[in-house]
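Each residue takes its place number in the sequence, starting with 1. Keep in mind that the numbers below use all heavy atoms, side chains included, and drop hydrogens, waters and symmetry copies.
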Amino acid sequence: MNTDLKTIQDIILKAAAAAKEETASEPEPERPKKAKWPISCTVGPGLEGAIACESKVGYVNGAKGWLVYRGYDIFQLAAHSTYEEVAYLLIYGKMPRADELNIFKEKLFNYTRMNSVVRHLMTFPVERMSIMGALRLGVNLMRTEYSDLDMKTALPTSFDAISADEDTIDMETQPHVSKHATYEFKTKSRKSNQKSGREFDRTGGLETSAHLIAGLSCVAAAVSRIHKDMLPLEPKPALSHAANLIYMITGRIPTPIEERVMDISLILHADHGMNASTFATMVVASTLADMYFSIGAGISALSGPLHGGANEEVIRTLRKLASPQTVAPWVDKQLSQKGKISGFGHRVYKAYDPRARILGPLAALIIRQKPELQELYATAQELEKVAMSRFGSEKKIFPNVDFYSGLVYASLGFDDELFTPMFAASRVAGWSARVIEYMEHNRIFRPRGLYIGEFNKTYVPIEKRRHS
Ligand code: SDX
């Protein structure tokens, strides 16, 4: 391994040791066991704390600052694995043998050369479209071309779905009729629906996942070049997925350090429990909409600045601050107006986000060769210091994955508008893995709303209505 790559691996293993030490006093989580539905959990606004399903794909422990993919700790995967291998692990549920990985890599490469999708895309005004918008369009064009992969052979037959319409059971107030409103939870064992579940899994979800992983990278790269009046580039067979992503965006072959940093960033963004975009993807899939429509929902959810769009907000903030000297007054003003500081805070992490623990030092390493970004990095460092001092330890607000990812992508030569699409190009693996897993025992998502409106209002014809 060359010294630069060894340096990167040492950075990650050092971050792992620091994380372990910092959260050692937090209690170890219970060993996982299957849920006995219905289960009770305390639910806050925005489904905070709600348990929507069980999963073996990934695990986040906010107190310990843990992120685990299929049982593997994120620091181990970032130090030793590749995005292709991690995507395979998430989707297939096991580490690939060398021959399996080669087949998967070849599949990804072949799907990345999606010239007809790119050609169709170029008939739209993509030069006036955000890359996230173009990703949504691109996924629809991919669906047109490939949805038969799923649809011709095995559209899953309809699965169990909640029959009662919860809104007609006013659970929040004393029920008018029975003492206790009851839910008819299906008691029959939820054996996986061998026929259609397997078929969907075997012929469609796995193949479609590879197509989408390749497609999101290809479309994001192509549109970013069209935005700069340059033609899209085809991937090179000799390059890895990460290296081809940099090549298809910038037109240059990345250095080993750049390739490795890109690969690690793709690994870090690949899955993260039931975050908003993953949940959106699963909700659409649970209606038996196909994977392309489902991933389209994930792309839409991720684009929001409270979620994946935060990495672009962070870099805009750093550019606006321009130097460390302006940070403290800006933070005080922002917080006094109850504003949010992008790149900080997390619904789950109440410890330092392990992904930021890795991306921060990687940004420092790669920015050493980019003098024009060093002031931006120094501003980020000052922003982290000042924000953490203002939040104080009791709020448990730390930098999250989005705080340093933009600096990493900027140092690779990517424009700001590519940062969230890069998040999507990675997270499509986790979205796909969780859809395939959930379809094994699909149940349409249907939470409840707490009705706090009125009853028994009398209809008044419009001519008699007072204009109130
Ligand atoms: C991602 O879910 C995932 O796993 C997401 C993600 C993934 O991999 O999929 O990790 C990726 O989305 C990371 C988050 C990126 N978003 C941002 O960086 C935007 C800034 N962050 C905040 O908007 C916020 O922290 C959220 C949205 C991330 C979490 O919001 P919550 O859990 O609903 O927390 P909250 O808004 O209720 O805040 C609780 C308190 C509030 O103060 P009080 O009203 O109690 O006094 O903490 C404060 C908030 O004002 N707070 C912040 C803050 N984050 C929380 N104050 C200032 N700046 C912030 N960033």
Side-chain angles (χ1 to χ4, degrees), residues 1-32 57-83 85-86 89-90 95 242 256-273 343-346 348-368 377-378 380-385 387-389 391-408 411 426 430:
M1 178 183 292
N2 86 24
T3 41
D4 288 335
L5 298 185
K6 182 75 178 65
T7 306
I8 290 176
Q9 194 175 68
D10 292 345
I11 286 173
I12 295 168
L13 296 175
K14 194 163 154 248
K20 196 168 169 158
E21 194 194 320
E22 256 177 56
T23 60
S25 59
E26 290 294 334
E28 293 288 313
E30 283 174 32
R31 288 298 106 191
V57 173
Y59 170 69
V60 180
N61 184 306
K64 296 288 268 185
W66 286 0
L67 174 55
V68 174
Y69 295 169
R70 296 277 188 191
Y72 294 85
D73 170 69
I74 194 65
F75 289 106
Q76 291 301 310
L77 294 173
H80 306 297
S81 191
T82 63
Y83 179 67
E85 191 174 65
V86 164
L89 168 69
L90 288 169
M95 275 291 181
I257 278 201
E258 289 174 326
E259 175 184 7
R260 186 61 192 141
V261 166
M262 184 74 225
D263 207 11
I264 290 167
S265 185
L266 290 171
I267 290 171
L268 295 176
H269 285 84
D271 182 66
H272 207 254
F344 286 89
H346 200 278
V348 178
Y349 284 125
K350 301 311 166 199
Y352 210 101
D353 186 329
R355 302 165 295 177
R357 259 192 212 282
I358 294 171
L359 289 169
L362 288 189
L365 176 77
I366 205 163
I367 277 175
R368 272 189 222 148
Y377 181 74
Q381 292 269 283
E382 180 66 10
L383 179 54
E384 176 175 349
K385 188 164 80 49
M388 296 291 279
S389 72
F391 288 135
S393 54
E394 63 288 349
K395 274 224 162 188
K396 294 194 181 294
I397 296 179
F398 298 87
N400 59 46
V401 65
D402 291 297
F403 188 62
Y404 287 107
S405 58
L407 280 166
V408 167
S411 63
S426 164

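- Contact annotation: the side chain of L13 never approaches that of F75 to less than 4.5 Å [non-hydrogen atoms, C-beta and beyond].
- Note that CD1 of I264 and CD1 of I12 are 3.5 Å apart. Values are rounded to the nearest 0.5 Å.
- Proximity of D10 to K6: side-chain heavy atoms (C-beta onward) are separated by under 4.5 Å at one or more points.
- Atom-to-atom distance recorded for K350:NZ and K395:NZ is 10.0 Å, nearest 0.5 angstrom.
- Looking at D353, its side chain never comes within 3.5 Å of a backbone N or O of P399 through a donor-acceptor pair.
- Side chains of I8 and M1 form no contact here, defined as non-hydrogen atoms less than 4.5 Å apart.
- Between the CG atom of N400 and the CG atom of L359 there is a distance of 10.5 Å, given to the nearest 0.5 Å.
- Counting heavy atoms from C-beta outward, F344 and L383 have side chains that approach closer than 4.5 Å.
- Other residues, nucleotides and ligands contribute over 12 non-hydrogen atoms within 6.0 Å of the CD atom of E394.
- Nearest heavy-atom pair, D271 versus G58, reported as atom, atom and distance to 0.1 Å: OD2-CA, 3.7 Å.
- Counting all heavy atoms, side chain and backbone alike, L89 lies closest to M95 at CD1-N, 3.8 Å.
- Closest heavy-atom contact between V60 and G273: CG2-N, 4.2 Å.
- Panel note: side chain T7, backbone T3; a donor-acceptor pair is recorded below 3.5 Å.
- L268 and A78 make their closest contact through CD2-CB, 4.2 Å (heavy atoms, listed as atom of the first residue, atom of the second, distance).
- The shortest heavy-atom contact between G65 and P354 is O-CG, 3.4 Å.
- Applying the side chain to side chain donor-acceptor pair (under 3.5 Å) rule to pairs touching residues 15-26 yields E22-R357, sequence neighbours excluded.
- Under the rule for a side chain to side chain contact (heavy atoms under 4.5 Å, CB included), the partners of D263 that lie at least two apart in sequence or sit in another chain are T82, Y83, E84, A242, R260.
- Residues L362 and Y404 are not in side-chain contact: their nearest non-hydrogen atoms beyond the backbone lie 4.5 Å or more apart.
- Between Y59 and P29, the shortest heavy-atom contact is OH-CB, 3.1 Å.
- A distance of 11.0 Å separates CZ of F391 from CZ of F398, quoted to the nearest 0.5 Å.
- Here the CE-OG distance, from M262 to S426, works out to 8.0 Å after rounding to the nearest 0.5 Å.
- With a 4.5 Å cut-off on side-chain heavy atoms, P256 and D4 do not count as touching.
- Rounding to the nearest 0.5 Å places OH of Y72 at 8.0 Å from CG of L77.
- Across H272, K396, K64, a single residue satisfies side-chain hydrogen bond (donor to acceptor under 3.5 Å, both in side chains) together with Y349, and that is H272.
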